[in-house]
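Notes to accompany the following structure.
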Amino acid sequence: MTPVHFAFSSAFMLGLTGLALHRSHLLSALLCLEGMMLALFIALSLWSLQLNATNLSTSPLLLLAFSACEASAGLALLVATARTHGTDKLQNLNLLQC
């Protein structure tokens, strides 16, 4: 495994570990998801450059577009949660209440 592959796989695993173990605030979960998506974007970009294939050059841009949509939806949920519940702590959220 090259150092570049190790760096991006460890960045992805660090985001996954943060998402799994540190779930107290919604904002921290969203930041971990964003870090995972950016690690995937850079890894996919480098993979398409290493293969020197032009048909794979659009997939990093598509992933980046989906990542931006995910971030905007997550921030909208964060604002709606903060307005209704007063906090973004995940322990205070109850899915059974409307």
Side-chain angles (χ1 to χ4, degrees):
M1 180 180 284
T2 63
V4 173
H5 289 107
F6 177 72
F8 292 120
S9 63
S10 64
F12 182 80
M13 292 305 287
L14 185 65
L16 187 64
T17 305
L19 185 63
L21 298 178
H22 189 65
R23 293 183 288 174
S24 62
H25 291 280
L26 183 60
L27 184 61
S28 64
L30 290 174
L31 284 174
C32 289
L33 280 174
E34 193 65 30
M36 289 169 55
M37 290 299 284
L38 286 176
L40 283 176
F41 168 73
I42 294 173
L44 193 60
S45 298
L46 288 177
W47 184 56
S48 65
L49 284 174
Q50 283 178 352
L51 290 179
N52 206 9
T54 58
N55 57 355
L56 293 175
S57 63
T58 58
S59 53
L61 291 176
L62 187 64
L63 181 72
L64 193 62
F66 283 131
S67 175
C69 292
E70 176 257 334
S72 66
L75 286 177
L77 284 172
L78 178 69
V79 168
T81 303
R83 283 185 181 171
T84 57
H85 292 81
T87 184
D88 70 334
K89 282 189 161 285
L90 291 177
Q91 288 121 3
N92 295 342
L93 299 178
N94 189 358
L95 294 177
L96 298 177
Q97 293 177 346
C98 292

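Throughout, residue positions are numbered sequentially from 1 according to the sequence presented.
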Does Leu44 share a hydrophobic cluster with Leu51, counting links as ILVMFWY side-chain heavy atoms below 4.5 Å and allowing steps through other members?
-> yes
Return the set of residues passing side-chain contact (heavy atoms from CB on, under 4.5 Å) with Ser28 (not counting sequence neighbours), or none when no residue passes.
-> His22, His25
Keeping to residues at least two apart or across chains, list the side-chain hydrogen bond (donor to acceptor under 3.5 Å, both in side chains) pairs with something in residues 37-53.
-> none
Applying side chain to side chain donor-acceptor pair (under 3.5 Å) to Glu34 and not counting sequence neighbours gives Ser67
Report, one line per pair, each donor and acceptor closer than 3.5 Å where one atom sits in a side chain of residues 72-81; sequence neighbours left out.
residue : atom : partner : partner atom : Å
Ser72   : OG   : Ala68   : O            : 3.4
Ser72   : OG   : Cys69   : O            : 2.9
Thr81   : OG1  : Leu77   : O            : 2.7

Under a single-linkage definition using a 4.5 Å side-chain heavy-atom cutoff for Ile, Leu, Val, Met, Phe, Trp and Tyr, are Leu61 and Leu40 assigned to the same hydrophobic cluster?
-> no
Considering residues at least two apart in sequence or located in another chain, which fulfil the side-chain contact (heavy atoms from CB on, under 4.5 Å) criterion with Leu64?
-> Phe41
What distance do Leu33 atom CG and Leu38 atom CG have between them, rounded to the nearest 0.5 Å?
-> 11.0 Å
Tabulate below the donor-acceptor pairs under 3.5 Å that side-chain atoms of residues 4-20 make, not counting sequence neighbours, or state none.
residue : atom : partner : partner atom : Å
His5    : ND1  : Thr2    : OG1          : 2.5
Ser9    : OG   : His5    : O            : 2.9
Ser9    : OG   : Phe6    : O            : 3.1
Ser10   : OG   : Phe6    : O            : 2.9
Ser10   : OG   : Ala7    : O            : 2.9
Thr17   : OG1  : Met13   : O            : 2.7

ILVMFWY network linking Leu46 to Met36, side-chain heavy atoms under 4.5 angstrom | yes
